Each structure stands twice: as structure tokens, then as C-alpha cells.
Amino acid sequence: MKRPLTLTTRARGSPVRAYRSASASPETRWQAPERQSTAVSTNPPAAGARASPAPARHAVQASLMSLVESHVRSDWRGSPSPLLLRLGEPIDSRLCRHVIRGYTSQGKHLHSVFVFIQMQRVGVRPDSFTFAPVLKSVARLCLREMGRSVHAYAAKANVDGDVYVGTSLVNLYSGCMLIGDAHKVFDEMGERNSVSWNALITGYTHNRKFAEALDLFREMQADGVELTEVTMVGALSACAHLGALSLGKWIHEYIDCYGLCLNEFLGTALVDMYAKCGAVMEMEKVFITMRAKNVYTWNALISGFAMNGHGEAALQAFSRMIMENLKPDGVTFLGILCACCHEGLVDEGKKYFRIMKEEFGLRPGIEHYGCMVDLLGQAGLFSEALHLVQNMDLKPDPIIWRTLLGACRTHRNVPLGRYAARKLLELEPTNAENYVLLSNIYAQDSMWDEIAQLRAVMNQRGIAKVAGCSSIEIGNVVYEFVASDCLKPEVRDLLDDIRKELKQMGYAANTGLALYDIEEEEKESSVAFHSEKIALAFGLMKSPPGSTIRIVKNLRVCQDCHVFFKLVSLVYKRKISLRDRNQFHHFAGGSCSCRDHW
DNA sequence: ATAGGGTTAG
């Protein structure tokens with residue numbers, strides 16, 4: 001320990017405080033798919049083990065036997081196993097506990113749950129050493145109702161006060177996307193430790209409630225609970241998603257000061273945090289100092305380069321990874337294809353798409369096809385893109401069609417845009433973004449009738465646009481702006497001044513992308529106060545001269561804002577980094593790292 | 001003995 005470092009000194013203005021609400025958080029991009037909670041399933045995992053309402057003791061023994069035997073055959077290839085050795089003994093709680101723990105630790109979660117159910121049936125009472133692993137398995141399987149009933153059973157057995165069982169319950173509910181229940185369990189726990197806190201914090205990050213996760217992180221620190229590597233992994237993940245660079249840096253400093261172990265998990269979380277905060281230099285620095293690296297670490301680095309517009313660096317990292325004998329996986333190639341996309345490297349992209357299959361034996365998923373469609377589409381190779389969509393061995397998902405639609409917008413391809421939009425709206429009729437994209441295509445060609453029709457359909461279906469929302473971090477406080485916000489007069493005035501100044505440089509508001517056919521002047525004001533412009537004006541006002549202005553936006557940046565930002569970076573001699581829904585835009589000296597490709 | 005962790009298209 002070199003010197004004390006506390007978070008409480010910064011509590012007042014800490015980033016999480018400034019978040020108004022989680023739902024308005026400027027972050028929708030790095031989304032994990034919603035985990036589906038399965039209905040309760042008490043079906044046995046192996047044939048011949050189907051449970052009758054009240055099976056005789058020997059029948060259960062036989063089911064266990066067949067389960068274990070099938071395991072021996074499929075997994076252990078005949079080598080003796082601890083599970084098998086115990087089978088001669090009568091069924092008691094010791095045997096069951098042993099079997100359940102074995103299954104859970106091997107990831108055989110259904111087996112674990114099954115044995116637990118059988119225990120209940122024969123009346124063998126589980127103890128806290130049985131509840132913890134079985135709860136873990138139930139959590140992994142997302143069995144909501146099953147989880148609730150195991151919880152009730154644990155309460156009945158009077159083991160729910162156990163810190164291990166309690167922590168398992170927190171993990172269970174957050175794994176089932178029931179974070180409110182997880183928090184309730186946590187609040188009611190008589191005994192808590194660092195692990196319980198970690199379970200709740202990572203629970204919040206897995207449930208995409210990042211600001212709340214950071215609130216808890218602060219609370220944990222204020223309570224004097226030890227912050228471990230696992231705590232930091234969860235907190236860093238929340239920082240990454242929110243773009244909370246200063247808190248991320250604070251955590252990095254804490255790790256150094258307190259000598260936390262920069263293992264694969266923590267190092268990867270740090271690399272990813274810097275990547276998603278647009279701090280590419282820091283990302284590389286961390287990566288270089290790491291001693292233990294695995295494929296996750298390399299993937300975070302590669303996709304970090306890609307999303308920040310350093311496509312060449314991503315490709316170089318890939319070669320180094322291969323030279324160091326690491327096996328790339330599907331995520332690696334996703335980063336690589338994404339890098340090719342952002343760089344417009346069509347032939348390279350095709351090459352990697354091919355070698356991924358031929359040299360590495362990886363089957364491309366829908367997300368890899370998505371990258372290829374984007375790559376071809378943004379390069380204007382529409383027939384190739386369409387051919388790929390129509391001939392891939394996976395059913396095109398809404399994202400595929402939306403990608404194609406986006407390419408049609410870039411290249412003003414109305415006919416194909418109509419087609420893609422029709423396919424898209426069949427699959428996903430309630431997503432406002434789809435209508436906005438199509439209307440943008442129409443607007444470029446002044447097709448106001450079509451836009452009016454589209455608008456009528458939207459109204460009829462009750463679809464509202466997602467509000468644009470941008471955030472900016474200044475002095476450890478994250479400020480959020482929504483496009484429809486009532487502006488503070490000084491921000492509005494500054495924005496007016498900037499626009500006047502930029503107009504002298506030849507800037508004309510690009511109103512073609514406004515959704516509605518409205519008066520020219522109104523259109524200008526609707527794009528004039530996009531949330532990122534407000535955040536930019538605020539940043540120019542409040543941040544120290546010469547410092548980089550970092551903004552995070554929940555949607556893709558519009559063309560007008562993109563031009564506006566480029567000019568501001570030139571006229572005001574400021575570096576600006578804008579994280580949009582898809583990628584970073586690093587503006588400096590009048591140009592953008594995305595090279596106007598997005 | 002039992003609990004908590006990182007990367008992933010547009």
C-alpha cells in the first residue's frame with residue numbers, strides 16, 4: 001500500500017450522482033441480449049430417470065446410477081470418478097450434496113437441479129452446503145420459478161440466513177433478471193461480506209443498471225468493505241458502459257496503490273473500460289503491462305482498436321495474437337471484421353471472413369454476416385451485399401436488414417432501401433429507429449409524401465422516437481442532456497454564437513435528415529439542438545481549455561452534428577471524442593477518425 | 001467444504 005486512496009473524498013461530485021435516471025442513461029449500444037427466463041423445468045436431464053410423484057428409494061438410486069453412468073460414458077471416458085465410487089452407499093444428504101456439487105462445478109446444471117428435486121422427493125433434507133451450489137445451477141439455467149421455490153425451501157430449512165446461501169440467492173435473482181429481488185435479499189441478509197457486495201454489484205451491471213452499480217460501489221467503499229479484484233471488475237464494466245472515464249481512472253489508480261492483482265479478468269476489464277471511454281493510449285498501456293493475457297484480453301484490445309477507428313492497429317494486434325499462439329474465436333473475428341468495416345477494407349474483410357472458416361474452423365454467426373453486409377453495403381457493393389443476405393445459411397435478423405437499410409441511406413439507394421425496409425418492418429414493426437432510417441432516405445430525395453405516409457403509420461401504431469440523449473463528464477460529474485431539454489439561456493446563446501461563427505466558415509445546417517416535413521427554419525432548429533450539440537456547447541463552456549471533450553450519445557450521430565463537430569474541432573482547436581451508438585468519432589483539426597464512414 | 005469476475009455486428 002503506497003498511499004491511502006478513498007472514494008469518499010469525491011463522493012459529492014462523483015459521476016453516478018449526476019445521473020438523473022437510469023432509463024435516460026445515454027447508453028444503449030453495448031447490449032447483451034435479454035436473457036430469457038425459462039419456465040420451471042423439473043424434467044430430468046437423462047433418459048430413464050423420469051420421476052414419478054413418489055418414487056421408491058431404490059428407484060431414485062437407480063436414476064442416480066443411470067445419470068452417473070451416462071456421465072462416465074460421455075464425459076469421463078471410462079476413468080473412475082468420485083461420483084461413481086460413492087454409488088454403493090445409501091442415499092443420504094452427504095452423498096446428494098457431493099453429487100450436486102460435482103455436477104454444478106462441471107457445469108452440468110440440469111443434472112444438479114435434478115438430483116436436488118429427487119432429494120426433496122425422497123425426503124432427504126439439504127443443508128446450506130447443498131443449497132449454494134444448486135442455487136448456482138438454477139441461476140445459470142435462469143429458472144425463475146424454480147429459484148423462488150428453492151428460496152422458499154431454504155427459508156423453511158432455516159438456512160437462508162447463511163451468508164453463502166444469501167449470496168447465492170442474490171446471484172440467482174440477478175441472473176434471472178430480477179435485480180429488485182436480488183437487492184431485497186441483500187438488504188435482508190443478516191451477514192454480508194465482500195463477496196455478497198460483489199454479487200449485487202455485478203448483478204446490477206448484468207442487468208444493465210450501470211449507474212446503480214456505481215452507486216452501490218460507492219456505498220460499499222463508504223461502508224469500509226474490502227474492495228477486491230472482483231469488485232473492480234464489476235465497477236469497471238459499469239464505467240465502460242457509461243463512458244465514466246474519471247471513475248475508471250480512479251479505479252485504475254486504486255488497483256496500483258493497493259496492489260490488486262492485474263489478472264486476466266481485471267486486466268481485461270481495464271482494457272475494455274479504456275477502450276469504451278475512447279482512451280486508446282491508456283488501453284494499450286494497460287495491455288502492455290499485463291502479464292497474464294488470454295483470448296478475452298486480446299478480444300477486448302482488438303475490438304477496442306476497431307471501435308476507435310484504429311483498424312490497422314486491430315489487424316496488427318490480430319497478427320501478434322496469432323504469433324503468440326493464441327487461438328482466435330468468434331469474438332476475435334467480430335472485432336476484426338468490424339475493423340475492416342470502419343476502415344472500408346473490403347478485400348481484407350472478405351479474406352478474414354474466409355480464413356475464419358477455412359483456417360480456424362469457426363462457423364460465422366449472424367453477427368459476422370452482419371459485419372459483412374455492412375462492409376459491402378457501406379462500400380456501395382449492393383448486389384454482393386444482397387446476395388450474401390439472401391444466400392446465407394442463417395435467417396436474416398432485423399439487424400441485418402437495418403444494416404442494409406443504413407447502407408442504402410449512405411448511398412441514397414431508394415429502391416433497395418424500400419425493399420430492406422419492408423423486410424425489416426415485417427420482422428420488427430415497433431422499432432422507431434427503422435422508420436427514422438427509412439424516412440431519412442426519403443428526406444434526402446425530398447420525398448415528403450412518403451414521409452407523411454410513414455409518419456401516419458407510426459402514429460397509427462403508436463410508435464414514438466427514442467429521445468436523443470448525450471452525456472458529458474466534467475470534473476467527475478456526468479451531465480446528461482436530452483434533445484428536448486429546456487435549454488439554459490447561456491447554453492442556447494453559446495450554441496447560437498458557435499453556429500454563427502461556423503456559418504462564416506461555410507457551414508449550412510443539414511436538415512435533410514429531419515424526420516418531418518416542416519418549415520426550413522424549424523428544421524434547422526430541430527437539428528440545432530440535438531443533444532450532442534448541447535453537450536458540446538456545455539463542454540466548451542465548462543471544461544479547461546485544451547482538454548479533450550468527451551461525449552457519449554445513445555443514438556447514432558446525425559450528419560449535421562458530424563459536420564458541426566468537425567468544424568468546432570477546427571475553429572476552437574479542441575479535440576472532441578464522441579461515442580455514438582456504434583463507434584467512436586475522434587474529432588481533431590476539422591476531421592474525424594471515422595473518415596466520414598459510419 | 002458451500003458464494004462473486006472480463007470480450008461480442010449495427
Side-chain angles (χ1 to χ4, degrees), chain A residues 28-33 94 97-98 100-101 104-105 126-136 139 159 162-172 174-175 189 192-203 205-206 228-237 240 263-273 275-276 293-304 306-307 328-339 341-342 364-375 377-378 397-407 433 437 555-556 580-583 598:
Chain A
T28 51
R29 165 73 205 289
W30 285 284
Q31 276 183 32
R94 265 178 58 244
R97 181 202 306 147
H98 192 77
I100 286 175
R101 280 177 48 208
T104 298
S105 66
D127 57 11
S128 70
F129 298 100
T130 318
F131 275 108
V134 87
L135 282 168
K136 181 176 181 170
V159 295
D162 180 275
V163 65
Y164 293 94
V165 173
T167 305
S168 303
L169 284 168
V170 170
N171 189 43
L172 164 86
S174 69
M189 280 170 77
R192 293 172 198 158
N193 57 21
S194 179
V195 180
S196 330
W197 280 92
N198 295 343
L200 191 61
I201 290 174
T202 54
T205 64
H206 288 158
T228 67
E229 285 83 357
V230 182
T231 320
M232 296 317 195
V233 169
L236 282 170
S237 167
N263 59 21
E264 288 97 327
F265 288 98
L266 190 50
T268 304
L270 255 185
V271 166
D272 183 52
M273 184 276 295
K276 289 205 177 64
K293 295 168 193 165
N294 60 16
V295 65
Y296 284 82
T297 323
W298 282 95
N299 290 350
L301 180 83
I302 288 171
S303 66
M307 76 176 82
D329 63 9
V331 179
T332 318
F333 279 100
L334 213 46
I336 288 298
L337 293 176
C338 188
C341 259
H342 293 318
I366 190 87
E367 60 276 30
H368 299 97
Y369 283 105
C371 277
M372 290 307 289
V373 171
D374 196 28
L375 179 65
Q378 294 294 349
D397 66 1
I399 302 174
I400 295 277
W401 291 115
R402 192 159 48 239
T403 305
L404 197 59
L405 186 58
E433 196 186 334
L437 258 178
L555 305 171
R556 282 169 82 165
D580 89 8
R581 191 180 156 79
N582 286 352
Q583 57 176 295
W598 82 92

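This is a predicted model, so every value here is computed, not measured. Just so we're on the same page: letters track the sequence lines, and every chain starts at 1. Just the heavy atoms: all of them, side chains too, but no hydrogens, waters or symmetry mates, feed the values below.
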[atom1] of [X] versus [atom2] of [N]: gap in Å, rounded?
{"X": "L236(A)", "N": "dT7(B)", "atom1": "CG", "atom2": "C1'", "value": "14 Å"}
{"X": "E229(A)", "N": "dA3(B)", "atom1": "CD", "atom2": "P", "value": "18 Å"}
{"X": "N299(A)", "N": "dT7(B)", "atom1": "CG", "atom2": "C1'", "value": "5 Å"}
{"X": "I100(A)", "N": "dA3(B)", "atom1": "CD1", "atom2": "C1'", "value": "16 Å"}
{"X": "I302(A)", "N": "dG6(B)", "atom1": "CD1", "atom2": "P", "value": "19 Å"}
{"X": "L404(A)", "N": "dA9(B)", "atom1": "CG", "atom2": "C1'", "value": "14 Å"}
{"X": "M232(A)", "N": "dG6(B)", "atom1": "CE", "atom2": "C1'", "value": "15 Å"}
{"X": "D272(A)", "N": "dG6(B)", "atom1": "CG", "atom2": "P", "value": "10 Å"}

Any N or O donor-acceptor pair linking the side chain of [X] to the base of [N] at under 3.5 Å?
{"X": "N193(A)", "N": "dA3(B)", "value": "yes"}
{"X": "T403(A)", "N": "dG10(B)", "value": "no"}
{"X": "D127(A)", "N": "dA1(B)", "value": "no"}
{"X": "N294(A)", "N": "dG6(B)", "value": "yes"}

For [X] and [N], is the gap between ring centres under 5.5 Å while the planes differ by less than 30°?
{"X": "Y296(A)", "N": "dG6(B)", "answer": "yes"}
{"X": "F129(A)", "N": "dA1(B)", "answer": "yes"}
{"X": "F265(A)", "N": "dG6(B)", "answer": "no"}

> Who passes salt bridge (charged side-chain N to carboxylate O under 4.0 Å, His left out) against D397(A), sequence neighbours left out?
Replying inline: none
> Any side-chain heavy atom of M232(A) sitting closer than 4.5 Å to one from E229(A)?
Replying inline: no
> If we only count heavy atoms from C-beta on, is the N299(A) to D329(A) side-chain gap below 4.5 Å?
Replying inline: yes
With a 4.0 Å cut-off on heavy atoms, is [X] in touch with a base, just the backbone sugar-phosphate, or nothing at all?
{"X": "L334(A)", "answer": "sugar-phosphate"}
{"X": "N263(A)", "answer": "base"}
{"X": "L135(A)", "answer": "nothing"}
{"X": "T130(A)", "answer": "nothing"}
{"X": "T297(A)", "answer": "base"}
{"X": "R556(A)", "answer": "sugar-phosphate"}

>> Suppose we screen for ring-ring contact (aromatic ring centres under 6.0 Å, His included). Which residues come up paired with Y369(A), at least two apart in sequence or across chains?
In response: F353(A)
>> With side chain to side chain donor-acceptor pair (under 3.5 Å) as the criterion, how do S168(A) and N171(A) come out once you've worked through the C-alpha distance, each side chain's angles and the decisive distance to 0.1 Å?
In response: CA-CA 5 Å; S168(A) 303; N171(A) 189 43; over 6 Å; no
>> Quick one about T205(A) and T202(A) (side-chain donor to acceptor, distance below 3.5 Å, no hydrogens or angles considered), yes or no?
In response: no
> Which nucleotide, dG5(B), dA3(B), dT7(B), lies nearest any side-chain atom of T202(A)?
Replying inline: dG5(B)
>> Please confirm whether the shortest side-chain N or O distance from H206(A) to OP1 or OP2 of dG6(B) is below 4.0 Å.
In response: yes
>> Counting only side-chain nitrogens and oxygens, does K293(A) get under 4.0 Å of the OP1 or OP2 atom of dT7(B)?
In response: no
